[in-house]
Amino acid sequence: MPHVTFIHGIGNKPPAPRLGRNWRRVLAENGLDLDASGVTSTFVYWADLLHPAPLPETRYEDARGTLEVEAPEIGMRWLVRSTGAEASFVAALADRVGLDEFASDDPVLPAGVEPDPTRERVLLPWFVKRRLMKVFLRDVHHYLFDTEFSPREGETYSIRREIRARVLRAFDEGARRPGPHVVVAHSLGTVIAYDCVKRLPDCPRVDGLLTFGSPLGIDEVQDRLRPEWTRHDGFPAGVRQWVNVYDRLDPVAGVDALLANDFRRQGVKAVVDVGAPNRGAWRHGADKYLAGAGLRDALAGMLDGEW
């Protein structure tokens with residue numbers, strides 16, 4: 001029977017069991033019931049490595065249309081300590097996602113000033129956008145540079161090393177199933193999934209990769225995946241199919257939404273990019289994608305072995 005490994009993205013989350021149930025619930029409510037189809041799943045949870053406590057279960061994004069964005073004002077002392085390649089990476093990535101545009105706390109544009117549709121991707125107050133992009137910046141940096149971080153007193157983790165270990169355990173569980181084994185990853189989770197399947201020679205079998213809301217199209221992220229990643233041969237060996245679902249108004253994926261040209265298989269385009277517009281002000285939310293036909297149809301086909 002098919003098996004799905006889910007990997008969440010940036011920001012704090014509800015407790016792991018609640019988050020896993022919610023992803024499956026959203027899929028089921030919109031026509032893809034994994035339980036009814038006998039599809040098993042594992043959830044890779046890593047929010048506890050960067051946040052002292054999970055979100056209360058009552059505060060969570062709901063695909064039915066209500067949304068409470070969790071955007072805490074995170075500390076930026078880590079940025080002060082960055083030097084050399086790390087400092088250059090952070091500066092370039094901050095510019096790429098337009099963090100400088102969110103400098104004002106005023107949520108209202110000055111009179112007579114219209115939003116620039118090429119840059120204004122998140123229809124939220126600027127102070128909320130800035131906080132969200134700072135969370136994105138920190139989480140991406142800490143993973144790609146394997147930063148040591150202490151989310152709670154007495155606990156310190158090498159972020160990438162610990163997340164990789166959790167991913168490999170989950171992938172091993174999926175690979176032991178008859179298959180197909182499909183990895184469904186959101187946001188920074190797509191970078192984590194790709195890092196493991198492409199860069200770790202002992203990575204267990206992954207048949208299908210479904211990414212959504214992915215920052216893998218960003219040049220600065222790709223550069224940190226070298227030397228294993230190249231534009232000519234960036235498609236991970238062993239993966240039979242890779243579908244990438246995006247919303248161009250997603251502030252993370254929308255920077256460079258298309259992956260087919262950047263992750264070729266021996267020079268040939270192999271990633272299938274699927275545009276799937278989400279609803280609401282915050283287009284990056286996992287539930288928005290999970291409720292959409294683009295992701296749901298792609299996942300259903302992969303689980304049926306339609307390679």
Side-chain angles (χ1 to χ4, degrees), residues 1-51 54-70 139 163 166-167 169-171 173-174 177 180-194 196 206-215 243-247 250 252-253 274 276 278-280 282-304:
M1 297 297 294
H3 183 85
V4 175
T5 299
F6 294 110
I7 309 177
H8 71 74
I10 63 170
N12 201 5
K13 307 296 177 190
R18 170 70 172 86
L19 186 61
R21 289 194 302 270
N22 188 77
W23 281 34
R24 293 177 67 103
R25 175 187 63 79
V26 174
L27 287 170
E29 289 180 350
N30 290 277
L32 182 57
D33 191 333
L34 300 184
D35 291 327
S37 302
V39 178
T40 55
S41 65
T42 307
F43 205 101
V44 178
Y45 187 87
W46 52 271
D48 60 303
L49 302 178
L50 291 169
H51 299 273
L55 287 179
E57 295 193 17
T58 55
R59 298 179 62 192
Y60 189 63
E61 179 179 349
D62 191 312
R64 297 185 183 93
T66 61
L67 171 67
E68 181 171 355
V69 175
E70 177 65 18
D139 290 4
I163 294 177
R166 295 184 184 188
V167 170
R169 287 195 295 269
F171 282 8
E173 180 178 344
R177 308 274 180 165
H181 175 208
V182 179
V183 173
V184 178
H186 175 236
S187 184
L188 180 55
T190 70
V191 178
I192 293 167
Y194 180 83
C196 291
V206 170
D207 301 304
L209 181 59
L210 177 54
T211 56
F212 60 106
S214 177
V243 177
N244 175 59
V245 182
Y246 66 90
D247 180 337
D250 180 334
V252 173
V274 177
N278 295 323
R279 295 181 178 180
W282 177 236
R283 299 295 187 96
H284 186 61
D287 282 7
K288 300 291 182 65
Y289 280 102
L290 291 166
L295 185 151
R296 190 174 64 253
D297 292 348
L299 178 56
M302 298 171 89
L303 294 174
D304 287 340

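In this chain, numbering begins with 1 at the start of the sequence shown.
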Practice prompt. Quick one: list whatever passes ring pair (Phe, Tyr, Trp, His ring centres under 6.0 Å) with Tyr289, sequence neighbours left out.
Written response: Phe212
Worksheet, complete the sentence: Residues at least two apart in sequence or cross-chain that pass side chain to side chain donor-acceptor pair (under 3.5 Å) with Arg279, listed by chain then number, are none
Discussion item. Holding to side chain to side chain donor-acceptor pair (under 3.5 Å), I want the full list of residues that pass it with Thr40, two or more places apart in sequence or in another chain.
Written reply: His3
Worksheet entry | Straight-line distance of Arg283 CZ to Lys288 NZ, nearest 0.5 Å | 7.5 Å
Discussion item. Under the rule for side chain to side chain contact (heavy atoms under 4.5 Å, CB included), what residues qualify as partners of Ala170, not counting sequence neighbours?
Written reply: Thr5, Thr42, Val44
Discussion item. Under the criterion ring-ring contact (aromatic ring centres under 6.0 Å, His included), I'd like the reasoning laid out for His181 against Phe171: C-alpha separation, chi angles, the key distance, then a yes or no.
Written reply: CA-CA 8 Å; His181 175 208; Phe171 282 8; 5.8 Å; yes
Practice prompt. Output all residues satisfying salt bridge (Lys or Arg N to Asp or Glu O under 4.0 Å) with Arg166, sequence neighbours left out; order by chain, then residue number.
Written response: Asp48, Glu162
Worksheet item: Closest heavy-atom contact between Pro14 and Tyr45?
Response: O-OH, 2.8 Å
Discussion item. Set out, in order, the CA-CA distance, both residues' side-chain angles and the distance that settles side-chain contact (heavy atoms from CB on, under 4.5 Å) for Asn278 and Asp250, then state yes or no.
Written reply: CA-CA 8 Å; Asn278 295 323; Asp250 180 334; 5.5 Å; no
Worksheet item: Is the backbone of Ala47 close enough, under 3.5 Å, to the side chain of His8 for a donor and an acceptor to pair up by distance?
Response: yes
Fill in: Closest contact, heavy atoms only, Gly11 versus Asp139
N-OD2, 3.1 Å
Practice prompt. Under the side chain to side chain donor-acceptor pair (under 3.5 Å) rule, what do Asn22 and Asp287 come out as? Steps first, then yes or no, please.
Written response: CA-CA 8 Å; Asn22 188 77; Asp287 282 7; 2.9 Å; yes
Worksheet item: Listed by chain and number, what are the side chain to side chain donor-acceptor pair (under 3.5 Å) partners of Asn244, not counting sequence neighbours?
Response: Thr211, Asp273
Discussion item. Rounded at 0.5 Å granularity, tell me how far CD1 in Ile163 sits from CG in Leu188.
Written reply: 7.0 Å
Response to the item:
Heavy atoms of Gly20 and Phe43 approach each other most closely as CA-CD1, 3.5 Å
Worksheet item: Where do Asn30 and Arg296 come nearest, in terms of heavy atoms and distance?
Response: O-NE, 2.7 Å
Worksheet entry | For Val274, side chain to side chain contact (heavy atoms under 4.5 Å, CB included) partners two or more places apart | Val243, Val245, Val272
Discussion item. Could you check whether any side-chain N or O of His186 sits under 3.5 Å from a backbone N or O of Gly213, counting only pairs where one atom can act as donor and the other as acceptor?
Written reply: no
Worksheet entry | Residue pairs, two or more places apart or on separate chains, that pass salt bridge (Lys or Arg N to Asp or Glu O under 4.0 Å) and touch residues 30-44 | Arg24-Asp35
Worksheet entry | Interatomic distance, Ser41 atom OG to Leu27 atom CG [nearest 0.5 angstrom] | 9.5 Å
Worksheet item: Got His284 and Ser187 here, is their nearest side-chain heavy-atom distance under 4.5 Å?
Response: yes
Practice prompt. Find the distance between CG (Asp207) and CG (Leu303) and round it off to the nearest 0.5 Å.
Written response: 10.5 Å
Worksheet item: Say you draw a straight line from CE of Met302 to CG of Leu209; how long is it, rounded to the nearest 0.5 Å?
Response: 6.5 Å
Practice prompt. Report yes if some heavy atom in the side chain of Val4 is under 4.5 Å from a heavy atom in the side chain of Trp23; otherwise report no.
Written response: no
Worksheet entry | Distance (rounded to the nearest 0.5 Å) between Leu299 CG and Leu290 CG | 9.0 Å
Worksheet entry | All side chain to side chain contact (heavy atoms under 4.5 Å, CB included) counterparts of Pro215, not counting sequence neighbours | Phe136, Thr190, Val191, Ile218, Val252
